Protein chains: 2
Amino acid sequence: MDVRIDELDRKILRTMQRDAGQSLDEIAKVVGSSKTPVWNRIRKMRDAGVIGQQTVMLNAEALGFEACFFVLIRTSEHEADWQAKFLKALMDRPEVQEAHRLAGDIDYILKVRVQNARAYDVFYQALISEVRVFNVTALLSMEEIKSTVALPL
Amino acid sequence: MDVRIDELDRKILRTMQRDAGQSLDEIAKVVGSSKTPVWNRIRKMRDAGVIGQQTVMLNAEALGFEACFFVLIRTSEHEADWQAKFLKALMDRPEVQEAHRLAGDIDYILKVRVQNARAYDVFYQALISEVRVFNVTALLSMEEIKSTVALPL
DNA sequence: GTTGAAATTCCATCAAG
DNA sequence: CTTGATGGAATTTCAAC
C-alpha cells in the first residue's frame with residue numbers, strides 16, 4: 001500500500017480528479033505522456049489503493065436533498081462496545097455522508113444530508129434512541145459555497 | 001434544470017454513484033432495462049445538471065494528506081463586499097474541500113484537508129490576513145470514520 | 001418503451017525501437 | 001520511456017418494431 005508517487009503520477013491523478021470520464025489518450029495528452037505508461041501507472045495506483053472508487057457528483061438539491069446538517073457530538077461514554085455500536089449506527093445510515101472522530105472536547109462531527117428538517121429530526125431521534133450521547137449540536141447549512149472531493153495535489 | 005426523476009432514473013443514479021466506471025450494458029442489466037433508454041436518461045440528466053462531474057476517490061493518507069480540520073468561523077462583518085472577498089478566498093484555496101454558510105451563531109464551516117498541522121497553520125494565517133474574522137475554532141479529525149459523496153436515494 | 005445493427009472510438013495488450 | 005498495431009469492447013447513433 002506504500003507507493004512512490006512522482007510528478008507524472010500526480011499529474012495523472014489531478015487530471016482524473018477533474019474528469020474521470022476522459023479517455024486514456026486524452027489523459028496522456030494532458031499530462032504530456034503517452035498511453036502505455038499512463039495506463040501502467042493508473043493500474044499500479046489502482047492496485048495499491050491510491051485510486052479508489054469512481055463516482056459521479058449528483059446535484060443534491062435537484063434530487064430533493066435540500067437540507068444539510070453538521071452535527072457536533074459530545075459523549076461521556078468511551079468504552080469499546082459503546083463506540084462499536086455508535087460506529088455501526090453511522091455506517092448503517094446512508095444520510096450520514098461523513099463522520100470523523102475528533103481531538104478536543106467535541107468527540108465526533110457528522111455531515112448529514114437529508115430531504116428537509118423533518119427528515120433530520122427523524123434521523124436524530126433514531127440515533128439518540130440507539131446510542132447514548134451527552135450533547136448534540138446541529139449546524140444547519142444555508143448555502144453550500146464549495147464542495148469538492150479533489151485533493152490539492 | 002427542473003426534471004422529473006422516476007424510479008428508474010433513481011436506480012440508474014444509485015448504480016452510477018456506486019461505480020461510474022461501469023459500461024452501459026452493465027448499468028442497464030443492473031437496473032433491469034436496456035441500453036438505449038438508460039443512455040437517453042443519463043444524457044437527459046447530464047444536460048439538466050442532475051448528474052455532474054465524474055471523478056475518482058483518492059486515498060488522501062497515501063498521498064500525504066494526513067490532516068483534516070473542520071473550521072468553525074464567526075464573523076462580525078456581514079457586508080456584501082466582505083462576503084465576496086471571503087468567498088473568493090475560499091474558492092481560491094484548494095485545501096478547502098467544503099465550505100458552508102450556516103444558520104445560527106456560527107457563520108461558516110469549512111473542511112480543510114492538508115498535509116499536516118503546520119500546513120494548516122499556514123492556511124489559517126493566510127486566511128485571517130486576507131479577511132477579518134471574529135472567531136475561529138478548528139476541530140482536528142483523528143479518524144475518518146466514514147466518507148461518501150453518495151446521496152441516500 | 002424494445003431489439004438489433006452500424007460506425008466510431010476506446011481499452012488493454014503486446015511488439016519493437 | 002516511445003510509437004504503432006492489434007482484437008475485442010464500449011460508446012453513440014439510428015432504424016424498425
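A, B, ... follow the sequence lines: proteins, then strands. Residue 1 opens every chain. The figures here come from the full heavy-atom set of this structure, side chains too, leaving out hydrogens, waters and symmetry mates. Everything quoted here is computed from the prediction, not taken from an experiment.
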Between NZ of B/Lys44 and P of D/dT12 the distance, given in whole Å, is 17 Å
Among B/Arg93, B/Gln125, B/Lys85, B/Lys88, find the one that has a side chain to side chain donor-acceptor pair (under 3.5 Å) with B/Glu130. B/Arg93
Taking any heavy-atom pair under 4.0 Å as a contact, classify A/Ser23: base, sugar-phosphate, or nothing. sugar-phosphate
Between A/Gln54 and B/Gln54, does any side-chain donor sit less than 3.5 Å from a side-chain acceptor? yes
Options C/dC14, C/dC11, D/dT11, nucleotide nearest the side-chain atoms of A/Lys35: C/dC11
Separation of A/Leu24 atom CG from D/dG4 atom P, in whole Å? 17 Å
Rounded distance in Å - NZ (B/Lys29) to C1' (D/dA9): 15 Å
Closest heavy-atom pair, B/Val56 versus A/Ala20, reported as atoms and distance to 0.1 Å, is CG1-CB, 3.9 Å
With a non-hydrogen cut-off below 4.0 angstrom, is B/Thr36 in contact with a base, only sugar-phosphate, or nothing? base
Side chain to side chain donor-acceptor pair (under 3.5 Å) partner of B/Arg74, chosen from B/Asp107, B/Thr137, B/Asp105: B/Asp105
Examine C/dT3: is either OP1 or OP2 under 4.0 Å from a nitrogen or oxygen in the side chain of B/Ser34? Give yes or no. yes
Could you check how far CG of B/Asp47 sits from C1' of D/dT12, rounded to whole Å? 14 Å
Rounded to the nearest angstrom, tell me the gap between atom CH2 in B/Trp39 and atom P in D/dA15. 14 Å
B/Tyr108 ring center within less than 6.0 Å of B/His100 ring center: no
Without decimals, in angstroms, what is the distance between B/Arg43 CZ and D/dT13 C1'? 9 Å
Would you say C/dG1 has OP1 or OP2 under 4.0 Å from some side-chain N or O of B/Arg41? yes
By nearest atom, which of the nucleotides D/dT11, D/dT2, C/dC10 is closest to the A/Ser33 side chain? D/dT2
In whole Å, what is the span from the CG atom of B/Asn40 to the P atom of D/dT12? 12 Å
Using whole Å, report how far CZ of A/Arg46 lies from P of C/dA12. 8 Å
